[in-house]
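Below is one structure, written out as structure tokens; comments come after it.
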Amino acid sequence: MPLTVRAGCWVAVGLLGGCVGGTVPTSRPGVAPAEAAGFVRLIDPFPVADSLGRPLDLPFLGGLNIPRPQLVDVDGDGHHDLIIQEYGGRMMFLRRDGNRADGFPRFRFVSDFHERLDVGEWSRLVDFDGDGDLDLFAEWPNSYLRAFRNTGTRTSARYVALPDTLRDDAGAVIFADRQNIAQFVDLDCNGKVDLLIGRIQGTILHYEIVDPAAATPSFRLITERFQNLEIITGQGSKHGANTMALVDYDDDGDLDLFWGDFFEAGLLLFENTGSCQVPRLRQEPVRFPPDAPLLTSGYNAPAFSDLDGDGRLDLVMGVLGGSYDPIKTTIANLHYLTRTATGGWTHRTSQLLAMIEVGSETIPSVVDLDQDGDLDLVVANKIEPIERATSRIYWYENIGSSRSPAFRMRSPLPIGGRYHLAPGWGDLDGDGRLDALIGSYGARVAWYRGTGSLTWAEADSALVTITRGSNTTPTLGDLDGDGDLDLLIGEATGTLNFYRNDGTPTAPRFVLVSDTFDEIDVGRRSAPTLADVDGDGDLDLLVGSDDQGLTLFRNRGNRLAATFVADSAWRVEVPILSAPAFGDLDGDGRPDLVIGTSAGGLLYFKGPAGPRPR
């Protein structure tokens, strides 16, 4: 069973290849990739509510699957902000902004690529040189440790990467293993930062910085078995990927150890029974909180801070997903616990950030599903976290209007029985109702005929079966101008399958023209959508992928004979496993862009203002 944190990245359209070793491509100075294409990313462009009508304050944040949280004062305003690492190579920065109506801390999105720093698979913001501002340690592929010195201020950071990997005082390289998230803290109250690195065998390396003022910091090895601990997890003698926090949770003046392990469903607490200067940790841990342990799928990443302002520490815990069925925590993975006046702990939520979140690997559609004259959002997931026998397709009804949209989550559509559901929509039989072509994990595309208001019946479980590959992702559009809908299908190898409709507008008959359509190959997991992006009256093609971001193919032919040519200048920065959908959600005459992500949420990009480029 693999123990590594899943590597990830964001990629930009127009770049050759994808991510290598966790690096992240950069845009040209001063131009955000989305804005360079005319699209502007917005997190809360219009109201979105959950199924109970509760508003989501960060609806298009993009989802979380493996959040690695930090609570630190990034901007020096005296309040702890939230740093989350979901994808390899980048930190997301959310600024603390008071409290929500429900009393939970409110965070406002600032950046999904904080300071555009490549931080590998983990990062730690800490003042290692004692000058009062936050410096940065990070993973440097593969398993090296990198330091960034803050040469700016507490309120305006300027990070400069130090030229070498971290070394000990004898010049030997220090390794952290990229699945073991190192911790930096002044463990013994002597004013020097200590470095703790958990090993997969359950022991902890302890280093201490030699000279905080040195141009390049080095660390002296104190012991290879910190406190002589050998951490035994919930699965006997197994040890795995780990993360930890050291914090004075019980207000007795010393630092206690919290440990999350791949093979442990809970968060382990090793209480310090000594002092800050001479720590002495209990050898037998307890699951935390002691009175009501929080159990997840494992590999739990803790971060502590007083978020509610009551003078007591609170806990934000990310769930990276260990050996206890990580699928079940693809939604419930950012827990928030507060401490009571009597010393107990109250679990407040498993989803601290309120957003559109349906699991993992989302496939969106923008379509008037209920045919009331405005566009709805439809979101399919890879697998339902609770009802494990199927994927699900969720409907976010537009309860606003075509010009002033507002969305509320409704019950999943009555379509299921397969994994990786991927719907394409259109009226295939001319009865005025929306039909659905449903791709899935395998090679088939099923036809669900619309039978009434929000009801469908399976007309053909294998209307089309592609010649090779899997993960079928269909999209419909009239590519030859004959008045019926043709079919493009994306699949696992990254090519496209083109099926021409040789039937009629009331009786479709799809005939394979090419299983390598126009020689398009986007690497892995092609996810196509057809829309008139540039307003010239014909359909253009946008293709998402696993590792090459989005590629726009402009139609240089016409409505009667499509000819698609890649536009290398069109760039929108997106995460891995991106799946696009177009639709004019706000009624301004410009197509907006919605992106499904590997993390189970959605991104929204408002369409460009002004005349559309031709």
Side-chain angles (χ1 to χ4, degrees), residues 365-369 371 373 375 422-439 445 447-450 459-460 463-464 466-467 472-491 495-522 526-544 550-567 570 580-584 587 589-593 607-608 611-614:
S365 309
V366 179
V367 61
D368 184 4
L369 194 68
Q371 298 184 286
L375 291 175
W425 304 92
D427 182 5
L428 291 175
D429 54 10
D431 65 356
R433 302 188 183 100
L434 269 181
D435 302 309
L437 288 187
I438 304 293
V445 175
W447 177 17
Y448 282 76
R449 179 181 281 115
D460 192 334
L463 181 66
V464 168
I466 61 175
T467 57
T472 50
T473 306
T475 187
L476 289 161
D478 185 1
L479 293 178
D480 52 12
D482 65 353
D484 55 32
L485 295 174
D486 305 300
L487 174 62
L488 281 179
I489 303 174
E491 46 91 13
T495 59
L496 297 178
N497 299 260
F498 174 40
Y499 287 81
R500 186 179 59 244
N501 189 346
D502 283 352
T504 68
T506 60
R509 183 169 65 88
F510 292 108
V511 176
L512 177 64
V513 176
S514 174
D515 58 8
T516 56
F517 175 64
D518 275 4
E519 302 302 320
I520 291 171
D521 188 343
V522 295
S526 51
T529 189
L530 291 163
D532 183 5
V533 177
D534 48 21
D536 63 356
D538 55 35
L539 292 175
D540 305 295
L541 170 64
L542 185 62
V543 185
L550 299 178
T551 304
L552 175 64
F553 296 86
R554 294 191 187 276
N555 190 344
R556 298 308 186 192
N558 53 49
R559 293 180 60 253
L560 302 180
T563 302
F564 293 110
V565 178
D567 183 351
W570 192 91
F582 274 114
D584 182 10
R590 308 286 166 180
D592 305 307
L593 179 58
R612 291 196 238 176
R614 299 293 181 94

Test of understanding: with side-chain contact (heavy atoms from CB on, under 4.5 Å), list the residues that count as partners of Ala507, not counting sequence neighbours. Thr504
How about Phe498 and Phe517: are their ring centroids closer than 6.0 Å? yes
Salt-bridged, Arg554 to Asp540, with N to O below 4.0 Å? no
Tyr448 side chain near Asp460 side chain, heavy-atom distance below 4.5 Å: no
Nearest-0.5 Å distance, CZ of residue Phe553 to CG of residue Leu496: 7.5 Å
Validation row: Leu539, Leu479 side chains within 4.5 angstrom (heavy atoms): yes
State whether the side chain of Asp435 and the backbone N or O of Leu428 hold a donor-acceptor pair below 3.5 Å, judged by distance alone. yes
Side chains of Val464 and Ile489 in contact at under 4.5 Å (non-hydrogen atoms): yes
Those residues at least two apart in sequence (or on a different chain) that pass salt bridge (charged side-chain N to carboxylate O under 4.0 Å, His left out) with Arg433 are Asp431
Residue list, salt bridge (charged side-chain N to carboxylate O under 4.0 Å, His left out) with Asp521, at least two apart or on another chain: none
Does a side-chain heavy-atom distance below 4.5 Å link Leu552 with Leu550? no
Straight-line distance of Leu463 CG to Leu487 CG, nearest 0.5 Å: 8.0 Å
Using modelled atom types and a 3.5 Å cut-off, is there a donor and acceptor pairing between side-chain atoms of Asn555 and backbone atoms of Ala562? no
About how many Å separate CG of Asp567 and CG of Asp534, when rounded to the nearest 0.5 Å? 9.0 Å
Could you pull out the closest heavy-atom pair between Ala527 and Pro580, with the gap in Å? O-CD, 3.3 Å
Those residues at least two apart in sequence (or on a different chain) that pass salt bridge (charged side-chain N to carboxylate O under 4.0 Å, His left out) with Asp429 are Arg449
Indicate yes or no for a side-chain donor-acceptor contact from Ser526 to the backbone of Glu491 under 3.5 Å, with no hydrogens or angles considered. yes
How would you list, by chain and number, every residue that makes a side chain to side chain donor-acceptor pair (under 3.5 Å) with Asp368, sequence neighbours excluded? none
Side-chain donor or acceptor of Asn501 paired with backbone N/O of Pro508 under 3.5 Å: no
Looking at Asp532 and Gly537, would you say the former's side chain and the latter's main chain have a donor-acceptor pair under 3.5 Å? yes
What pairs with Asp482 under salt bridge (charged side-chain N to carboxylate O under 4.0 Å, His left out), at least two apart in sequence or on another chain? none
Can you check whether Thr516's main-chain N or O pairs, donor with acceptor, with Ser514's side chain at less than 3.5 Å? yes
Contact between Asp592 and Phe582 at the side-chain level, heavy atoms closer than 4.5 Å - yes or no? no
Audit row: Thr467, Leu512, side chain to side chain contact (heavy atoms under 4.5 Å, CB included) steps and yes/no: CA-CA 9 Å; Thr467 57; Leu512 177 64; 3.6 Å; yes
With side chain to side chain contact (heavy atoms under 4.5 Å, CB included) as the test, pick out the partner of Leu530 among Asp478, Leu488, Leu542. Leu488
Would you check, one step at a time, whether the test side chain to side chain contact (heavy atoms under 4.5 Å, CB included) holds for Ile438 with Thr472? CA-CA 8 Å; Ile438 304 293; Thr472 50; over 6 Å; no
Closest non-hydrogen atom pair between Leu541 and Pro528, with its separation: CD1-CB, 3.9 Å
Please check this pair: side chain of Asp584 against backbone of Pro591, looking for a donor-acceptor N/O pair closer than 3.5 Å. no
Please answer whether the main-chain N or O of Val511 pairs with a side-chain N or O of Asp502 as donor and acceptor at a distance below 3.5 Å. no
If you define the side chain from C-beta out and look only at heavy atoms, does anything of Asp486 sit under 4.5 Å from Tyr499? no
